[in-house]
2 protein chains.
Amino acid sequence: MEEAWLLVLMGMVGVVMGGYPTVTPSVGQVWPRPQMMKTEDTYMVIRPNTFKFSTVGHDCDILQEALKRYIRIMFKSHWDPETQTNQPWRKDTGFKGYLDGVSVSLLTPCEANPHQNMDEHYEIKIDSPDAPGEGTIISQSIWGMLRGLETFSQLLVPDASAYSINSTQIMDYPRFAFRGLMLDTSRHYLPVSKIQETLDLMAMNKLNVFHWHIVDDQSFPYVSAAFPNLSKLGAFSSRHVYTADDLHTVVEYARLRGIRVLPEFDTPGHTKSWGPGQPGLLTPCYKESVPDGTFGPIDPTNHNTYDFLKTFFTEITSHFSDHYVHLGGDEVSFSCWESNPNITKFMDKHNITGSYNKLEEIYISKLLDIIANLPTKNGYLVWQEVFDNDVEIASDTVVHIWKNENLPIAWKNELDKVTSRGYHTILSSCWYLNYISYGVDWYKYYECDPQDFNGTDGQKQLVLGGEACIWGEYVDRTNLTPRTWPRASVVAEKLWSSSAHTSSTAEASPRLEEHRCRLLSRGYDVEPIWPSFCSADVN
Amino acid sequence: MEEAWLLVLMGMVGVVMGGYPTVTPSVGQVWPRPQMMKTEDTYMVIRPNTFKFSTVGHDCDILQEALKRYIRIMFKSHWDPETQTNQPWRKDTGFKGYLDGVSVSLLTPCEANPHQNMDEHYEIKIDSPDAPGEGTIISQSIWGMLRGLETFSQLLVPDASAYSINSTQIMDYPRFAFRGLMLDTSRHYLPVSKIQETLDLMAMNKLNVFHWHIVDDQSFPYVSAAFPNLSKLGAFSSRHVYTADDLHTVVEYARLRGIRVLPEFDTPGHTKSWGPGQPGLLTPCYKESVPDGTFGPIDPTNHNTYDFLKTFFTEITSHFSDHYVHLGGDEVSFSCWESNPNITKFMDKHNITGSYNKLEEIYISKLLDIIANLPTKNGYLVWQEVFDNDVEIASDTVVHIWKNENLPIAWKNELDKVTSRGYHTILSSCWYLNYISYGVDWYKYYECDPQDFNGTDGQKQLVLGGEACIWGEYVDRTNLTPRTWPRASVVAEKLWSSSAHTSSTAEASPRLEEHRCRLLSRGYDVEPIWPSFCSADVN
């Protein structure tokens, strides 16, 4: 490529570039990388003031909102009509004309809500041999169309006055159906606007499940209509809460971006903040035969516990439209149960004396039974301990593997065990992004593969995907976005793109660098991964 | 204290608080902790719409700007005139009346620029026994007055309608004269607005030296009038630069806050980006007897080098008013010098064959000589290697100790060696804040003390202070503020407050927690240090 053209592609016309960044970003490449993409050296030019999407085929609110949104995203920066002169490069032999419109061809009616089995395939043709000079995005499904629009927006290369797009053909679909990100709103409160920002960035990385770890020991920000005291006494303050309106706002914002919202209400452990608002729910801990004023996990021996759970989860499933809820079940500490004489009596009576795993199993079994018999007939995810403890779980349960970050042999073994028993699973062990460290840490996220374990093809089919987790002990609105991105982008590509295309960090580096600059230019505080610069640094 | 009053103090009237944060913040405490502070339970009330500062004594632009600024800072949030009703707590016995004004008593004329020996003492009296019902801030020096204004602003405790301030007497001054923060604008460009934000936060933590590591291997953003090609060919782009106007903006912004700007132009290593704009400056590296096209440190054998340095540093010292410049001198790699036959010839001629330390010494000696003989007669700081290599340095040189973060015995030994030779020194080894890790990391910053080494009292007097460093490999405008703060606040307290008052992280915790919430409410993205909440989370 000649130098002037390269400068145009870098969006830096008239700007001489120097210095020694670690990597030179790619130009007009897509993140995550599509399954099949063929690009010619020829290109068309898009002018923001004349460009239009036109729908041919089915239509719906999700599509209309998306088209408006992508016009905004594509033309957010770099557009200065005054500089729209003097474009010698448009006379070169690669120029194939102006692309003033793209047809958006949705082949089946929209579904209302994203779901575990949603179809996300799409195709893009820009100046293709069968339709020279034209542009089309085609999908069988609204969800695929959303992914295609994101890809299309990434093909545009800005210069001082317009955008160029290479002649391109893409056929694309995800490797995994479950591509998640977890936020924790108990250790720190996150304003709804920050959750929305995260959903924007998820859509720009084709992640499709927002796992909302909404409550935990430290605070209970969920406002329950049936049990208002839970947040009244368990939230940090009456302003550090999520109302029904807030939940609706988040779920709708996610839906319009093809993102499922998977709420987690973790029990029977991690429930300290549930205690003040629901007396009798937690196990009183004893010291020398008297209650010491502290509380442990939910009391599985109290009959009222299950009435409470039934009412509570009926309410939860009315707010969240996804088929699945996440029921937690991790890290239950037994010391409080051990101290409590009523618990001991109950266990003696049920012939499980001393076997606290069995007591936990009794609780979890009853909870799973409640969920499966709700009017909404929900499915559920559980953290791996529930499986490890041999609790009987429904056949459509998804087991969430999270342990042993630094011991791949252990989580690979767990993947084998879970899938050999026929359960679906998702992996997070290698993607705990809250564990920060100094230096280039994204290689290890890119080198982790949820199907890299000893197992049959049938077992590997049971791996639904994976999830990046941002636990909230050290994260709030001040650092959520830079700490999460672009590290979660790395996970997103592993979960979307083919394994053949995601085996080399060296190949990924220039595209990741371009993607970071892209997200920065769209207005998000996405942090650097090594010495580098972006045109949007200067703002 | 009664509960209602506590809620008033927490700035959360009408808000019931719950949940389980790690630490409960203090109320109306000062960070960094003053040397002497006595507070009564009685209090006065400040109403934003009637409150005024009045100057009695000397005045100047720095003071006028500061008074305007602090009115803005103090009353930034929590002030909603509509809620100014129904204040039963004003009838309690502790209420000593409204404080509608504070006299600002500056006892000597303002100095133009902050400097190494500036006086930062101040006193505050609010409803003191010798002046009941009144408020005064007194200082001999404009620099002490700036520190006093910050302290005063921190004494205000907001509620829904006004601010309360306890009857208080403070006498305060810094433990160390040099309390620095270093930013690196070579690995990533930082917009001037972000540098200004850092200066704001430095002032709010009583840090007084901004060490600007402005250029390095990766880029050369400084625009030189004498050598424009340095940034033209060495900056990331023509927009990733600092012009003379930018420098002036930064220096003036800092001056108004009592902060020195200490520019660093690190040589002879860390200079890769200098090369393209100044042919002949860097040493050509050889491979098998021919230049291989790469370059090493500045070429100390080239006579033109020293002419260039003289002109260059004359220009630098015209932009920066501080007596000191930082000359770097760290991490010089010898491999390129070793490969170059001209260097070898020069060394043979000077009878230093094979002794590359001696070659470095020749360069540094000539550079120090140039600086000391500039019309501005500047002093300098150097990284510890210059001292370690036994280069002859001027007696007012400040040796900057930075090595051996994880080996306290080594940097303590270095403190001993440097001060036993009679040199002034500052410590950064334990305060490389760019080295992030998971979990609570501020304890180790708080437990580091620059005078904690084996040495005489006279040696310890030579320790001017210390400096937190944020090297820029993984830091740009997206994450600078949350990554730096409140971790740099921890260093700030160690450097300002008495060692007797900074020995316990447990004592510091509630005050640090309050300080973080305070900075957040002032509009800065200061990250959390553990599970917690602040009233400003919700914005």
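The sequence lines fix the lettering, A, B, ..., with proteins before strands; numbering per chain opens at 1.
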[options]: which one forms the most heavy-atom pairs within less than 4.5 Å of chain B?
options: A/Glu527, A/Lys194, A/Arg483; answer: A/Glu527
options: A/Pro21, A/Pro482, A/Ser532; answer: A/Ser532
options: A/Asn479, A/Asp217, A/Thr481, A/Thr478; answer: A/Thr478

If I take atom OH from residue A/Tyr20 and atom CG from residue B/Asp216, how far apart are they, to the nearest 0.5 angstrom?
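Going from OH on A/Tyr20 over to CG on B/Asp216, the span is 12.5 Å.
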So if I take each residue of residues 182-190 of chain A and look for any heavy atom under 4.5 Å from a heavy atom in chain B, which residues do I end up with?
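Those residues of residues 182-190 of chain A which have a heavy atom under 4.5 Å from chain B are A/Arg187, A/His188, A/Tyr189.
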Derivation of the side-chain contact (heavy atoms from CB on, under 4.5 Å) call for B/Tyr474 and A/Val440
CA-CA 9 Å; B/Tyr474 306 98; A/Val440 178; 3.6 Å; yes
When [options] are compared by non-hydrogen pairs under 4.5 Å with chain A, the top option:
options: B/Ser219, B/Ser437, B/Ser193; answer: B/Ser437
options: B/Val475, B/Asn434, B/Thr22; answer: B/Asn434
options: B/Tyr438, B/Tyr435, B/Phe220; answer: B/Tyr438
options: B/Gly439, B/Pro276, B/Gly472; answer: B/Gly439

Check whether any side-chain N or O of A/Arg239 sits under 3.5 Å from a backbone N or O of B/Ser535 as a donor-acceptor pair, and report yes or no.
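The answer is yes, because a donor-acceptor pair under 3.5 Å joins these two groups.
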Examine distances only and state if a side-chain atom of A/His240 and a backbone atom of B/Gly19 form a donor-acceptor pair shorter than 3.5 Å.
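Absent.
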Locate the shortest heavy-atom distance separating A/Pro191 from B/Asp537; write the atom from each residue and the value.
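What the structure gives for the nearest pair is CG-O, 3.3 Å.
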Between A/Ala536 and B/Arg477, what is the shortest heavy-atom contact and its length?
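The pair with the smallest heavy-atom distance is O-NH2, 2.7 Å.
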Answer with side chain, backbone, both or neither: which region of B/Val526 has an atom nearer than 4.5 Å to a non-hydrogen atom of chain A?
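Interface part for B/Val526: backbone (N, CA, C, O).
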Of the backbone (N, CA, C, O) and the side chain (C-beta and beyond), which part of A/Ile436 lies under 4.5 Å from a heavy atom of chain B, both, or neither?
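Both backbone and side chain.
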